[in-house]
There are 2 protein chains.
Amino acid sequence: MRPSLNHSKMKSELEVFREFLEQKGMRSTPEREAILTEVFAHHDHFDVEELIMRLRHQGLRISRASVYRTMPLLVESGLVQEVFFEDGHMHYEHIYGHEHHCHLRCLGCRKIIEFRNGAVEEVEKRIGQDQQFEITGHKLEIYGYCQACQEKKD
Amino acid sequence: MRPSLNHSKMKSELEVFREFLEQKGMRSTPEREAILTEVFAHHDHFDVEELIMRLRHQGLRISRASVYRTMPLLVESGLVQEVFFEDGHMHYEHIYGHEHHCHLRCLGCRKIIEFRNGAVEEVEKRIGQDQQFEITGHKLEIYGYCQACQEKKD
DNA sequence: GCTGTGATTGAGACTCGGTCTCATATATAC
DNA sequence: GTATATATGAGACCGAGTCTCAATCACAGC
Ligand SMILES: [Mn+2]
Ligand SMILES: [Mn+2]
Ligand SMILES: [Zn+2]
Ligand SMILES: [Zn+2]
């Protein structure tokens with residue numbers, strides 16, 4: 001599942017990113033735009049190493065440092081989010097143009113299943129009121145074993 | 001909030017840990033038990049560095065390696081859980097003897113508020129059925145700004 | 001279009017959380 | 001008590017991510 005929103009009247013991610021950079025007094029560069037493009041070229045949960053490899057595969061030699069420098073910008077602009085920390089490094093996904101979703105993770109094979117659920121938004125709202133917090137978001141991960149991995153355990 | 005369960009007929013964490021180690025063919029050692037004791041001596045979200053400092057403060061010189069080796073055992077035994085990854089390292093809390101809770105985090109001052117909520121358990125159960133997963137747990141974090149930090153932003 | 005200037009890039013040094021190695025020490029079974 | 005397999009500690013090592021600095025480049029102003 002990767003439900004997309006109706007894109008008809010949305011800005012492109014490139015437009016959003018350019019405006020974000022401009023409004024921060026930062027420059028739009030070929031490196032930053034190539035990274036953005038590559039991030040939106042795949043629908044998956046990736047890490048920086050994979051991203052660099054994909055860029056290389058496109059013939060683009062963008063330095064590690066630039067990729068690492070760009071990730072926080074993509075996150076701050078709201079185009080991308082950190083999904084989870086696994087195997088000693090962070091994993092990301094692009095979110096612009098997609099409905100909010102949570103993750104179900106198999107502890108056996110590490111498969112990830114995405115799901116949407118309104119109840120969590122309710123909880124979020126109520127806790128925000130209770131605690132006088134201005135809520136900006138949430139992350140729900142459910143852990144368990146997929147059917148295949150349950151059978152493997154016998 | 002750190003709601004405790006009724007401890008009257010519960011095993012102590014030390015008993016649980018000893019049984020866990022025995023059943024894994026591992027040995028109970030003064031180092032492991034001192035680490036366990038220190039972890040249960042404070043109700044907070046700590047990192048390994050803090051834990052080592054606390055042990056030092058008790059006059060105990062347990063090596064970094066031993067502490068790092070013991071953490072996964074505490075997690076695997078269900079006595080402790082990883083709470084979140086922040087500032088480049090993992091944070092933990094002891095959970096044995098405490099009801100499950102989730103975390104509300106202020107992105108301004110990094111204050112953490114714990115809360116309990118039954119709705120998440122419902123979601124967990126339903127998603128497990130839908131996806132044929134055997135669920136073992138979940139982690140819900142809500143992000144936002146506490147009242148003080150909202151005011152600071154003006 | 002050209003220029004000037006401050007932002008950006010890339011190479012590689014560096015940091016630091018966490019792991020591994022191996023010699024020494026010790027818990028436990030007999 | 002002894003044997004032996006497991007655990008510890010010191011420090012080397014690893015790898016994700018950051019920092020430095022010289023060279024490059026985007027873009028505002030002419
Ligand atoms: Mn996802
Ligand atoms: Mn907690
Ligand atoms: Zn699985
Ligand atoms: Zn705050």
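So that the names make sense, note that chain A is the first sequence line, chain B the second, and so on, each numbered from 1.
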Q | Side chains of B/Glu114 and B/His45, donor plus acceptor under 3.5 Å | A | yes

Q: Using a cut-off of strictly less than 4.0 Å, decide whether A/Ser66 has a side-chain nitrogen or oxygen near OP1 or OP2 of C/dT8.
A: no

Q: Whole angstrom is fine here: how far is it from CZ in B/Arg18 over to P in C/dA27?
A: 12 Å

Q) Do B/Lys139 and B/Glu82 meet the salt-bridge criterion of a basic N to acidic O distance under 4.0 Å? A) no

Q | d(CD, A/Glu49; C1', D/dG15) in whole Å | A | 10 Å

Q) Which of the following nucleotides, C/dG10, C/dC20, C/dT9, is nearest to the side chain of A/Thr29? A) C/dT9

Q | Given DNA chain C, 5'-ward residue of the pair B/Asp87 and B/Pro30, judged by closest heavy atom | A | B/Asp87

Q.
Please confirm whether the ring centroid of B/His94 lies under 6.0 Å from the ring centroid of B/His42.
A. no

Q. In terms of side-chain heavy atoms of B/Met26, which of D/dA7, C/dT28, D/dG17 is nearest?
A. D/dA7

Q.
Please pick, from C/dT9, C/dG6, D/dC19, the nucleotide with the shortest atom-to-atom distance to any side-chain atom of A/Arg27.
A. C/dG6

Q. How many Å lie between CD on A/Glu86 and P on D/dA16, as a whole number?
A. 14 Å

**Q.** Which residue lies more 5' along DNA chain C, comparing A/Glu31 with B/Glu22 via nearest heavy atoms
**A.** A/Glu31

Q: For a side chain to side chain contact (heavy atoms under 4.5 Å, CB included) with B/Glu93, tell me which candidate from B/Val39, B/Val83, B/Val80 qualifies.
A: B/Val83

(Q) Can you tell me if B/Arg69 touches the phosphate of C/dG18, counting only side-chain N or O atoms and a distance under 4.0 Å to OP1 or OP2? (A) no

**Q.** Side chain of A/His89 - closest among D/dG9, D/dG17, C/dT28
**A.** D/dG17

(Q) Tell me if a side-chain donor or acceptor on A/Glu141 pairs with a main-chain N or O of B/His138 at a distance below 3.5 Å. (A) no

Q.
Counting only side-chain nitrogens and oxygens, does A/Tyr68 get under 4.0 Å of the OP1 or OP2 atom of D/dT18?
A. no

Q | Donor-acceptor pair under 3.5 Å, B/Arg32 side chain vs D/dA7 base | A | no

Q: Give the nucleotide from the list C/dA11, D/dG9, D/dG17 with an atom nearest to the side chain of B/Ser63.
A: D/dG9

Q) Expressed in angstrom and rounded to an integer, what is the separation of A/Lys24 atom NZ from D/dA26 atom C1'? A) 18 Å

